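Owing to the predicted nature of the structure, the values given are computational and were not obtained by experimental measurement. Residues take their numbers from the sequence shown, with the count starting at 1.
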Amino acid sequence: MMKKRLLIFSLSVGAVYAQPAIAAGSTQDLLIQKLTQVQLGLAPADPARASVLLRLADLHAERARQLSMQELAEGCTVCKAGEKDREKALNYYSEALTKVPANSIAKVHLQMGHLYELQGRGDLAEKSYQAMLGSSSSPLEVAEANLSLAEMAFRKSDFVKAHDLYGKVLATEGASSQGLAAYRKAWCSFRMGNMDASLVQLQEILKNPKLQSRMASSRGVADAQFLEEVSRDLATFMAARGIKDGDAELLYSLSPENFKIQQVTLLAREGLRLGQKEPSLKVWDFVYQKQSDAKARLEAQVRMAQLHFDLKNTAAAAKSYQMALNLWGGTDCTLASCEESAKGLRQFVVGWNRIENSKPSAELLNAYEEYFKVFSEDEDMYVWGAQAAAVANQYTQAAQWTALANKVILAKYTAEKDVAQQKVQADKLEKNLLLGIENAEKSKDEVLLVAAQDDYLQKSVLKQKSFDVQYQKAYAIYQKGNYTVAAEQLKQLAVAGQGSRQIQAQAAELSLDALALLKDDARIQQWSAEYAKLFTDKKAEFQHIHQKSILTQSAKLAEAQPDQALLALGSFNAAAASPEDRKVYLKNKILLNEKLNKITEARVATEDLLRETTLTDEEREFALGRKVWFAELELDFATALKAAEQMKFGALSQDEKMLKLALYSELADKDPQQYYSQYLKQSKDDEKKALIATQLIRMSKAPAKDLETYKPYFKSNPGLYARAALQVYGLTNDKKVLEKALKEKGNSQQDSFVMIGKILLLSDLKALSTQVAAHTIDTKNQNTIASGLKARVKLLEKIDALANKAIASAVWSSQLLALDLVAKENTRFYNEALALPMPAGLTPEQETEYLTILSQQVAPNQNTAMMAETKVKEFWSQKTALETYKTFAAQNFEWAKYTVEEVEALAAVAPEDQKASWTGAVAEIRASDLAQVKPTLAELEKARMNLKQNPFVASAIQEVLVLEKKAQRKSMVEYLEGRLATLAKKDNEVKEKQQ
C-alpha cells in the first residue's frame, strides 16, 4: 500500500511539467530515449531543461514501479527490479532542484524521499522530507511531509514520534490521507498501551465520514475495504483490552453493513483465544442471536457449548451441544465444509471425557450417544466412548460402541486402496477388537464376552490373537463345566501348531484337567503321551501326568478289581517317573499285592519304597510299618524287630512302643530286657508293669534274686507277685521264695496265695507226718518212756498248730489233710500210750491208779482224734471237691505239678469208696500235664509254613497256636491270639458291609 502511494505522488509531480502519462512498454521506453536525447542536447542553463529533467525523472520512477510490480507478481524473494531506473530518477530530481521554481521544490523533495525509501536509504529519505518541511510554506505540503515521516517512524516502531506526526496531519485541514493518519495514530496508541485512546480513535474513523477513506483522492467517500479493516481492528483492540458489556452491540453498530456479524464473530473468537470465557460467551450468544446463516449459528453454539462447560455450567453446555448437533443436521455441512464446527463438537466431548477420565458421568456418555447420531463414521470417538463406558461399568454400552467402531474401521479397510493405509486400518481394527474383548472380560458378562470374541474372529484382518481368542472361548466352556466339549476343543488347539507355544501348552494342560474332572483316565494316559512328544520343553511334566493317570486308573480298579489294578500298574515306568509318583506307585503296588495275598511281592515293593531317598517321615513310617507286618505274616520276627526299631509309632505312646519291641524281641528269640526295662521306667500303668516284671523274672537266670529286685512293681498287685513267686519256686524249688511271698498275702484270697499256702502246708504236713511216723517211745525204762511221751506230745502239738493253721486258711484240702493227720496221730498216740508197759514194782492198786491216770491223760488225744475223724468225714462228704480240682487243674496247667501232688496226697487218705476216684484223678491230671509236652521243631515248622502260605486263614493260625501253647511260648501264644481276634473283627466288618 505504501508503494502504491509513493508512485501516485511521483506521477503528480510530473503532471505540472509534462503531458499526461503515456502508455507503458515500448512506447514508454521510446519516450525515455527521446527525452534523454533532448536532455543531452540542452544546455545546463537552458530554461527548458528543468521540465525535461522532471519528465525524465517521472518516467524512470514509473518504469521502476512497473518493473517492481512485475517482479513481485513473479514471486521474487530478493526483489531488485527497477533499481537503476530509481537511481536515474533521483539523479534527474537532484539536478532539477536547482532549476525548478520555489513553489515546486517541496514536491521534488517529497518525490525523492519516496524513492530513497524504496531504495532502503531511510536517512536520505528523512532528509528529503525534512528539506521539504523547510522549503514549503504550504500546510498541505507540510502535512504530506509529516505523513511520510510518520510512516517511517511507524515502520521503525517509534510509536511516540509517529503518534505526534500523525496528529499534525490530522490537525491540518484539508490534508490528504487523514483516514490513514487516524488509523495509524490509533495503532500507535494501541502499541503504546493506551487502549482506550486507540478504541476511541478507531470508533471516530468509523463515525466520521471525512476519515472513512485512506487516501486524499477518496476524501469524503467511504472506503468499504478500509472500514472493514478498521472495524476488524476495533474487534481486535476490544478483545485485547478485555471485552466489556456492550462491546458487541457497539462493534455491530459501527461496522460496515456487510461486515457487522463478521466483526462481532471476530470479537468472539479473539475473546475466546485470549481466555475471556465469560465475556466471549456473551458475544457468541449475540452472534447466535444476530446470525441468519445456519452454519454460523452452528459455530456459535459449538463455541458456547465449550465455554459453558469451561465455566462449569454442564447443563447449559449440554444444551448448546445438543443445539449444535441439531443445527448440523439442518445444514448441508460436511466434515470438510464445516471442519471447525465438527472439530469443536468432537473436541467438546473429548475434553469432557478428559476431565471425567477416571469417573465418566451419565451425561458424558449421553453426549457420546448424541454425537454418534450425527457422526456415525468417527471410529476414534466410538473407541473413546467405549473406553469411557467401560470405566463407568456400562459394559453393554461399551460393547455396542466397540462393535460400531469395528464396523466402521473394517469398512474403511475394505474401501482403502493404498496398501500402507490398509495396514493402518488393519492395525487399528486389531487393537479395537482386542479392546472390546478386554472390556467384555472386565464386565464379567458372559454374553458380552462371547459376542466380542466372535466379533474378533469374524472381523479381524490380522488375526494376531485368533488362537488366543479361540483358547479363551474354549476356556470359558471349561469354566462353565462342559468338560466334554472343552477337552476336545482344547486338544485341537494344543496340537494345531498355531499360536504361541505357551498358549498351546496351556491348552494341553487344561484339556488334561478337563479329562481329570471327567475322570477319563484312559484318555489322560493317551493324550499326555502325545503331548510329551509334542512339547519337548514340558516333556517331563506330561510324562508325569501320564504316569499319574496310570496310578489313578489303578486306584479306581483297586477296590473291586485289585488284580486288574495291579495289571494296570505294570505299564508304569518307574525309572522315568518323578520321585513323588514313584512313591505312590510303590505304595499302591504294596497295598494291591497285600490285598491279593502276594506277600512276597509286597515285601519286595516295600524294600523298593524304602530305598527312595525322598521319603517323608510319614512315608517312611508307612513303609516300615508294612515291612513289619509282612515280616509278621511270614513269621520273620527278626526282620519285624529290626524294622520296628526304626519306626516312630506315632499312634503309640513310648511305653506301648517298648512293649511292642519287646514282643518282637521275644518272638524273634532275642533278649527283650532292654525294652521291658525302658517300659518299667516310662510307664505309669502299675498293672502292666507288674506283668512285665513277671515276664522278666520268668526269663531271668537268677529268678529268686530278680523276684526281689522287681518286687516294688507288685506293690499294688500282690496276687501277681505270688504267681511270680510260684514261677521262681518251680524253677528253683526254693521254699523260702514261697514263704517270703506268703508274707505279702494280707487279706488276699487270690489263687496264687492259696496255692502257695497249700504247697507250704502240704510240705510241712509231709515233713511233720514223716517225722511223727518215724517217732517211737523207748520202753527200756521209765525215764525213756517219759522222755518219749514228752517228745511225742510236742510233735502232736506241732500237728495241732499246723491243723489250726490249715483251718484258718479255710482251704479244703489243707484242712482235710491236717485233720486227717491229727486224727491218725492222736489215735496212734492214744493206743501206744495205753500199750506202754507198767512201771516195775507197782502194787495192784497202784497199777489200777496208774492206768486210770494214764487213761485220763491221753483221753484228750482220743477226743481230738474222734473230733478230727468226724470233721474229716464231713470234708469227704463234699462230693464236688474232686471235680473242682479237675477244673482247677485244667484252667491252671502251669500249676498242674502242684495240683497232682495235692490230689495225690488226698487220694492217699481218701475213704475206700472214694479212693479209686481220687487215684484216677491223679492219673488224669498228670496225663493232662504230660499232654503239655513241647512239640517237635518239625511239627512247628510245618504248621508255620502253612501259616505263611495262608496268613489270613483262621485254621492255619489256630494250628500254630495249639503247638505254641504246648511249647509254652507265652509271647507267641499272645501274639497269635491277637491275630485271630483281628481276623475275626475284619470278617465281621465285611459281613456288616455285605448286609
Decide if atom [atom1] of [X] counts as having more than 12 heavy atoms of other residues, nucleotides or ligands within a radius under 6.0 Å.
X	atom1	value
K648	NZ	no
K948	NZ	yes
K587	NZ	yes
M838	CE	yes
K705	NZ	no
K595	NZ	yes

Inset, instruction - Locate the shortest heavy-atom distance separating A803 from A818; write the atom from each residue and the value. - result: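 Closest approach of A803 to A818: CA-CB, 3.6 Å.
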Legend entry - Heavy-atom closest contact (A806 atom, S809 atom, distance):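 Nearest pair, atom of A806 first, then S809: O-OG, 2.5 Å.
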Rounded to the nearest 0.5 Å, what separates atom [atom1] in [X] from atom [atom2] in [Y]?
X	Y	atom1	atom2	answer
L947	L976	CG	CG	7.0 Å
L906	S917	CG	OG	13.0 Å
T639	E632	OG1	CD	11.5 Å
I599	N593	CD1	CG	8.5 Å
I759	Y729	CD1	OH	6.0 Å
F649	L661	CZ	CG	6.0 Å

Taking the side chain as everything from C-beta on, heavy atoms only, tell me whether [X] gets closer than 4.5 Å to [Y].
X	Y	value
S814	E902	no
I957	F952	no
E594	W629	yes
F829	L796	yes
I807	L819	yes
E607	K627	yes
K798	K794	no
Q782	I785	yes

For [X], side chain to side chain contact (heavy atoms under 4.5 Å, CB included) partners two or more places apart:
X	answer
S769	L821
A605	K589, I590
S653	D655, E656

Do [X] and [Y] sit within salt-bridge range, that is, some charged N less than 4.0 Å from a carboxylate O?
X	Y	value
K740	D734	no
K642	E645	no
E939	K942	no
K711	E744	yes

[X] side-chain N/O to [Y] backbone N/O, donor-acceptor pair under 3.5 Å:
X	Y	result
R792	H775	yes
S787	N783	no
K657	M647	yes
K915	A907	yes
E619	T616	yes
R620	Q646	no
S677	Q674	no

Inset, instruction - Determine the sole option in N826, T827, D820 for which the side-chain hydrogen bond (donor to acceptor under 3.5 Å, both in side chains) test with K824 is passed. - result: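 With K824 as partner, N826, T827, D820 yield a single side-chain hydrogen bond (donor to acceptor under 3.5 Å, both in side chains), made by D820.
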Legend entry - Cation-aromatic face contact R626/F630, 6.0 Å, 45 degrees: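 The answer is yes, since R626 meets both limits relative to F630.
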Legend entry - Within 45° cone of F875 ring axis and under 6.0 Å: K871 NZ or CZ: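 Yes, K871 lies over the aromatic ring of F875.
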Legend entry - W812 and W876 aromatic ring geometry - parallel, tilted or perpendicular at 30°/60° bounds: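 Judged by the thresholds at 30° and 60°, the geometry between W876 and W812 is perpendicular.
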Report yes or no: do [X] and [Y] form a side-chain donor-acceptor pair below 3.5 Å?
X	Y	answer
K735	S763	yes
N950	N946	yes
T784	N781	yes
E666	Y676	yes

Legend entry - Test of ring centre spacing under 6.0 Å for Y975 and F637: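 Ring centroids of Y975 and F637 are less than 6.0 Å from each other.
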Legend entry - Result of checking E959, E634, E964 against R944 for salt bridge (Lys or Arg N to Asp or Glu O under 4.0 Å):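 When salt bridge (Lys or Arg N to Asp or Glu O under 4.0 Å) is applied between R944 and each of E959, E634, E964, only E964 qualifies.
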